[in-house]
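Note sheet for the following structure.
These numbers come from the heavy atoms of this one structure, side chains and all, not from hydrogens, waters or symmetry mates. Owing to the predicted nature of the structure, the values given are computational and were not obtained by experimental measurement.
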Amino acid sequence: MFYNSTRNSEIKVSSAEAITQGISADGGLFVPDSIPSITLDEVKALGDMSYADRAAYVFKKYLTDFSDAEIHYCTDNAYSTKNFESESIAEISHLFDGTYMLELWHGPTCAFKDMALQILPYFLTTSAKKINLDKKIIILVATSGDTGKAALEGFRDVEGTQILVFYPEQGVSPMQKRQMKTQEGDNVGVCALKGNFDDCQNGVKAIFTNDDIKNTLDENSMMFSSANSINWGRLVPQIVYYISSYAELVKDGEIQLGDKINIVVPTGNFGNILAAYYAKHMGIPVNKLICASNINNVLTDFINTGVYDKNRRFYATCSPSMDILISSNLERLLYLMTGRNDEAIKDWFGKLAAEGKYEVSDDTKAKLNDEFYAGYCDDAQTKKTIHEIYEKYSYTCDTHTAVAVKVYEDYKRETGDMTKTIIASTASPYKFSASVLEAIEGKASDLDEYDMVARLAELSDISVPSALADLKNKNERFNDSIEKESMKDYVLKNLGI
């Protein structure tokens, strides 16, 4: 299998090259040249495997230039109880009849990004060896909260790499910020940006595609790669947990092999729900993909109208990992929906860069409406949903997961569809303890961050993850804050060039 650029279908690289490059030189994203299939018999067989073996089985369909030994080296090291506080890796909780919480936050940073970022360093270093790359790999990351810490933890002290993370100074939760500021490792760096996530993401993309900077790195035996979901090596592990969860539900007798399910995903950058789209088109029986947004509802409007317009007010919300107005992975979806029409992609995303707006064709609009349902809710509705779930089911969820639950309830009310449904639960409630505690108790707390965690532990039946419990005694290492115009100079300075 080879990989094309969304902006030039003539480009053809191996998976190892796609993973090490992160993003195509033309600014496009790498996409496999076909979507491999998985049969229902294969899915049934996965039910008897460990999560690591399920992952290896799926990866063999996409990473065809990797040997079996290389793939198992990656999966066995990433998906084990040394990294995850659950033997299942991804837990499935029964919220109520026919609705399942796919808990993706039992990893070292308590967010779904661990599912991909625990394995990406193994993918990246293995890929570098495969293509005889003799350069230091510089990982640049823009984060709206969770990717940053997960990437820092994944790449900490990985030989031949250095990682630098940018986050919006006022756009992450106190716990997310402290996780990043206290990060350990000799090859890591963290910097706040005076702007929002889109400023971070645009800045990183501009640096990636700047020929002068790339030449400077090359002269110093360095090269850029990405840990954001623009990197295919970040996206393909996310496909696994949707396939795995279907296999698990069949094994447990919750659904019959071949039954359709709905999948609900809270998303801002569109990577997590795009992975569900890939799982569906591989052969997982999916009825509807439900895209849940917070008040930054650019995706809701786009799916419902076919018009993508980022020229709108930006809101800082209690679900900050979704505070995004430029959804990078949408480019991959539209490339597939247009029959790999790179000219259309260049046109639309050129307009997005120049005007902040584009409109897709009528045919693409119809495909979007056929595949997806989209909805959103504000902070008040998010907190109300957390409270209701806690009262009805004694289940404590974070703010992002609550957005998904609220949008799913709206979908059921609007459509009457009672298909069994998986809701992607993307973060531990302890990462957003202030908002979750306020939602449950009905009032803002005056406790400090760690006392809030302790109080939340009293109210819920979820033990405090050790990674968060240990933060209180760690020293802050990174306190830099810069203007977005200074990102280029900051990166070069940190690299010592």
Just to verify, what does [X] make a side-chain contact (heavy atoms from CB on, under 4.5 Å) with, not counting sequence neighbours?
| X | result |
| --- | --- |
| Ala111 | Thr109, Asp146, Lys431 |
| Ser144 | Phe197, Ser321, Ile324 |
| Glu483 | Lys194, Glu485, Ser486 |
| Tyr390 | Thr396, Ile440, Leu459 |

With rounding to the nearest 0.5 Å, note down the distance linking [atom1] in [X] to [atom2] in [Y].
| X | Y | atom1 | atom2 | answer |
| --- | --- | --- | --- | --- |
| Leu29 | Ile23 | CG | CD1 | 5.5 Å |
| Glu91 | Ser245 | CD | OG | 12.5 Å |
| Ser327 | Asp198 | OG | CG | 8.0 Å |

Is the number of heavy atoms from other residues, nucleotides or ligands under 6.0 Å of [X] [atom1] greater than 12?
| X | atom1 | answer |
| --- | --- | --- |
| Tyr376 | OH | no |
| Asp157 | CG | yes |
| Asn311 | CG | yes |

| request: Give a yes or no on whether the ring-centroid distance for Tyr308 and Trp348 is below 6.0 angstrom. | output: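 No, they do not, as the ring centres are separated by 6.0 Å or more.
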Is the distance from the ring center of Phe59 to that of Phe123 below 6.0 Å?
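Centroid distance Phe59-Phe123: below 6.0 Å, so yes.
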Who pairs with [X] by ring pair (Phe, Tyr, Trp, His ring centres under 6.0 Å), at least two apart in sequence or on another chain?
| X | value |
| --- | --- |
| Phe66 | none |
| Phe270 | Phe372 |
| Tyr277 | His281 |
| Tyr122 | Tyr73 |

Pairs meeting criterion ring-ring contact (aromatic ring centres under 6.0 Å, His included) with involvement of [range], two or more places apart:
| range | answer |
| --- | --- |
| residues 142-164 | none |
| residues 172-192 | none |
| residues 424-470 | His400-Phe432 |

Here the salt bridge (Lys or Arg N to Asp or Glu O under 4.0 Å) pairs for residues 218-228, sequence neighbours left out, are Lys135-Asp218
Between Gln118 and the options Pro108, Cys74, Ser80, the side-chain contact (heavy atoms from CB on, under 4.5 Å) test singles out Pro108
Assess, by modelled atom type and distance only, whether the side chains of Asn187 and Thr161 contain a donor and an acceptor separated by less than 3.5 Å.
yes
- Query: If we ignore angles and hydrogens, is there a donor and acceptor under 3.5 Å between the side chains of Ser466 and Glu85?
  - Reply: yes
